[in-house]
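Here is the structure we will look at.
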Amino acid sequence: MPLKIYNSLTRQKEVFEPLNAPYVGMYVCGPTVSGESHLGHARPFITFDVVYRFLLYKGYKVRYVRNITDAGHFEEEGKQAEDKIATKAILEKLEPMELVQKYTHLYHWAMEQFNNMPPSIEPTATGHIVEQIEMIKKIIADGYGYEANGSVYFDVVKYNDDYSKKNQPYGILSGRNLDEQLDTTRELENQEEKKNKVDFALWKKAPAEHIMRWQSPWGEGFPGWHIECSAMATKYLGKQFDIHGGGMDLQFPHHECEIAQSTVCNHQMPARYWMHNNMITINGRKMGKSYNNVIKLSELFAGNHPELTQAYSPMTVRFFILQSQYRGTLDFSNEALQASEKALRRLMEAYEWLKAQSFTAGSNASDPVLDSQLKTWVNELETFMDDDMNTAKVVANLFEIIPSVNSLKDKHITADAVAGDTWIFVQKQLELFIEQILGIKVEQGANRQQLNGVVDLLVEIRKDAKTRKDFATSDKIRNQLAEMGIQIKDEKDGSMSYTFI
RNA sequence: GGUCCUGUGGCCGAGUGGCUAGGCAGAGCUCUGCAAAAGCUUCCACAGCGGUUCGAAUCCGCUCGGGACCUCCA
């Protein structure tokens, strides 16, 4: 079955056909490193990590570009040109680049915790000032940009007039009508520089107190909000590439402006497939600074935030996110995270056990119904991914498969119920989907080996105690280990196993 | 005010016009020295009101509720 992707541009699922198969170019808007990443940021990066992994599995040679915004944008345009990063730097008494470095490290640390694969290229805005200036020059030369007082703006109205004739009006991605926007866009102060209030900045003149500043043909200043993505995507992926991803909240104005800029420079729509992940909400509200409901990733992993009743591991969070389809909102709650934590543990315990088994090919199934049912569930995994990355359904099917694995483990069924080839197939595909595609890894703490040795010893002692019918001792060992988060289980064959909770 | 999305069982979440989503929680059973785990079984649903249809959670309309974007935002 072919891979289908929901294209925000056309508002429908489309068969994915790369421009230059087997090569695929994918650009995803990365973070602004002026602060620590929060739970909301985790969603796009995990979502597109899975997209990346699945495309690789499909055999594509993917160049995945994810930028880092370290140049700082003005928060309130016109009113008081304010560089986000510079402002925070003064507050924290850090040099801007020192601050950028700090948060970049934290961001990379979080990505690693989530087991996200690094992108092929991770360009920074400050490293591409020249490319951005060149692009702005081109936009001005073509008549779609104009200078005013050392700043440069994009002429949205002219662009819209000209490109509407080419079926690419401004607002094509977000479904906005420019005339309506001209009526409804909020009035901001100091807008006299702009021809129209919908125009956006390509280059901004730096006020005296602004720390981050670069020389340009229009004086000292810094790049506008949207130009970096256009410049870097063009540089590394070409004039047109396959997939552009990001959060839904970037659809307007960020991606809309990106389309306008790139189209003027390159004469074509920059990306063919636009993918947008939906928001993570908390108590029904989008997580965001303006709502004051942000849970930082470090707080999430440590459990030190008023909204949290406990800590949640990176894999729990990843699994939580993958249990939903990326285009729907996902509501955070302790109850939901705890459910994911338990579900993930059950999944991984069964999976790890299965992985360690060896099966013999060639044997027949004594339960052909179960045998074919298992094969169906396994085969559906790829079908669900093909259907716009429906990880929710993939996970649901994994839980259809798990009971059979556990039944085999607990000897509720015998190995010959299912053909050896089928078990081998299940083994192989679960590894593929759980580890390679969903990117879920087994979480192990530090010093795990030593700890294993200690627990093994205690298990031995308990076994002896049980043999002597000294249940007081055996219970003491089991209960106290349980309190420390190590759970002992008496298996059917008299052996004991344990898991770290 | 404008544009758009959404409302599924205690919680989180899939979903095709007709067939059990799944997870967590709850109940029962099996196994077990007791537990835990696991397996099996089971309870709980499609905001409300109309309409289309042989048949709708799924299409249409209205009502009510929630949210997003229009300003930095994943």
Side-chain angles (χ1 to χ4, degrees), chain A residues 11 28-32 34 37-48 72-79 82 84 171 174-177 179-181 183-186 188 198 225 245-254 276-281 284-291 294 319-320 323-325 327-347 349-350 353 384 390-400 402-413 466 469 471 474-475 478-479 482 487-492 497-499 501:
Chain A
R11 292 155 205 276
V28 174
C29 292
T32 300
S34 62
S37 301
H38 59 74
L39 175 58
H41 295 116
R43 174 103 106 143
F45 303 136
I46 289 171
T47 297
F48 290 103
H73 303 300
F74 22 90
E75 278 182 310
E76 288 180 52
E77 188 180 349
K79 185 180 172 188
E82 206 178 2
K84 220 191 219 173
S174 52
R176 275 158 217 276
N177 177 307
D179 294 332
E180 280 166 3
Q181 284 185 70
D183 291 341
T184 60
T185 301
R186 191 170 54 175
L188 297 167
V198 289
W225 177 31
M248 239 169 209
D249 50 352
L250 294 182
Q251 220 174 46
F252 188 92
H254 184 57
H276 292 97
N277 64 275
N278 215 317
M279 303 290 104
I280 288 185
T281 58
R285 271 219 119 84
K286 169 186 165 181
M287 193 172 285
K289 271 179 199 155
S290 43
Y291 296 121
V294 163
F319 186 71
F320 169 67
Q323 269 184 301
S324 69
Q325 212 275 349
R327 281 191 290 115
T329 54
L330 173 59
D331 201 48
F332 164 89
S333 69
N334 282 285
E335 232 180 331
L337 262 296
Q338 280 159 11
S340 292
E341 186 180 50
K342 286 182 186 176
L344 177 62
R345 193 186 311 144
R346 185 157 83 91
L347 173 69
E349 270 182 45
W353 179 84
F384 294 150
N390 198 332
T391 55
K393 290 188 93 168
V394 170
V395 171
N397 255 42
L398 292 176
F399 280 101
E400 298 283 9
I402 287 312
S404 296
V405 174
N406 281 328
S407 289
L408 178 65
K409 180 188 172 199
D410 286 350
K411 300 185 169 57
H412 292 136
I413 60 171
K466 265 189 77 173
K469 299 223 182 279
F471 295 124
S474 85
D475 285 355
R478 184 180 62 198
N479 295 338
Q487 184 178 74
I488 290 191
K489 288 174 228 169
D490 294 336
E491 300 292 349
K492 300 270 178 287
S497 65
Y498 56 89
T499 44
I501 295 171

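Lettering of chains follows the sequences in order, A, B, ..., and the numbering in each one begins at 1. Quantities reported herein were computed from a predicted structural model and do not represent experimental measurements. The basis for the numbers below is simple: all heavy atoms, side chains too, and nothing from hydrogens, waters or symmetry mates.
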Using a cut-off of 4.0 Å on non-hydrogen atoms, how would the nucleic acid contact of [X] be classed: base, sugar-phosphate, or nothing?
X	answer
A:Gln325	sugar-phosphate
A:His38	base
A:Ala396	base
A:Leu330	sugar-phosphate
A:Gly40	base
A:Asn277	base

Polar pair under 3.5 Å, donor/acceptor by atom type, side chain A:Asp490, base B:C34:
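It does, because a donor-acceptor pair links the side chain of A:Asp490 to the base of B:C34 below 3.5 Å.
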For B:C34, does the base pair up with any side-chain atom of A:Arg478 as donor and acceptor (N or O, under 3.5 Å, distance only)?
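Result: at least one qualifying N/O pair found.
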Starting at atom [atom1] of [X], determine the distance to atom [atom2] of [N], rounded to an integer number of angstrom.
X	N	atom1	atom2	answer
A:Asn406	B:G39	CG	C1'	8 Å
A:Lys489	B:G39	NZ	C1'	13 Å
A:Met248	B:C72	CE	P	20 Å

Tell me every residue that passes salt bridge (Lys or Arg N to Asp or Glu O under 4.0 Å) with [X], counting only those two or more places apart in sequence or in another chain.
X	value
A:Arg176	none
A:Lys489	A:Glu349
A:Asp475	A:Arg478

Tell me whether the rings of A:His38 and A:His41 are parallel (<30°), tilted (30 to 60°) or perpendicular (>60°).
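Correct class here is tilted.
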Which value, in whole Å, describes the distance between the [atom1] atoms of nucleotides [N] and [M]?
N	M	atom1	answer
B:A45	B:C5	P	30 Å
B:A36	B:A74	C1'	41 Å
B:C43	B:G66	P	34 Å
B:C59	B:G22	P	22 Å
B:G48	B:G39	C1'	42 Å
B:A14	B:U71	P	30 Å
B:G15	B:G28	C1'	30 Å

Qualifying residues under side chain to side chain donor-acceptor pair (under 3.5 Å), relative to [X], sequence neighbours excluded:
X	answer
A:His412	none
A:Ser333	none
A:Asn278	none

In Å and rounded to the nearest 0.5 Å, what is the CG to CG distance from A:Leu337 to A:Leu39?
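Here the rounded value is 7.5 Å.
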Pairing residues for A:Phe320 by the ring pair (Phe, Tyr, Trp, His ring centres under 6.0 Å) criterion, not counting sequence neighbours
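Once residues adjacent in sequence are excluded, A:Phe320 has no partner under the ring pair (Phe, Tyr, Trp, His ring centres under 6.0 Å) criterion.
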From the set [options], return the single nucleotide nearest to any side-chain atom of [X].
X	options	result
A:Ala392	B:A36, B:A14, B:C12	B:A14
A:Ser324	B:G13, B:A36, B:G15	B:G13
A:Phe252	B:A74, B:C69, B:G67	B:C69
A:Ala339	B:G22, B:C24, B:A14	B:C24
A:Asp475	B:A74, B:C34, B:C24	B:C34
A:Asp249	B:A37, B:G22, B:C69	B:C69

Identify the pairs formed between an N or O of the protein and an N or O of nucleotides 3-6 of chain B at a distance under 3.5 Å, and give each distance.
none

Counting only side-chain N and O atoms of [X], is one of them less than 4.0 Å from OP1 or OP2 of [N]?
X	N	answer
A:Tyr291	B:A74	no
A:Asn390	B:G15	yes
A:Lys286	B:C69	yes

A:Phe399 over B:G23, stacked by centroid distance under 5.5 Å, angle under 30°:
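Check failed, A:Phe399 does not stack on base of B:G23.
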Could you tell me the Watson-Crick or G-U partner of B:C4, where both distances fall under 3.5 Å? Say none if there is no partner.
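Its partner is B:G67.
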Using purine N1 to pyrimidine N3 plus N6-O4 or O6-N4 for Watson-Crick, or N1-O2 and O6-N3 for G-U wobble, each under 3.5 Å, what pairs with B:A35?
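Partner of B:A35: none.
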Produce the list of close N/O pairs, under 3.5 Å, pairing protein atoms with atoms of nucleotides 25-31 of chain B; give distances to one decimal.
{"residue": "B:A25", "atom": "OP1", "partner": "A:Lys342", "partner atom": "NZ", "Å": "3.3"}

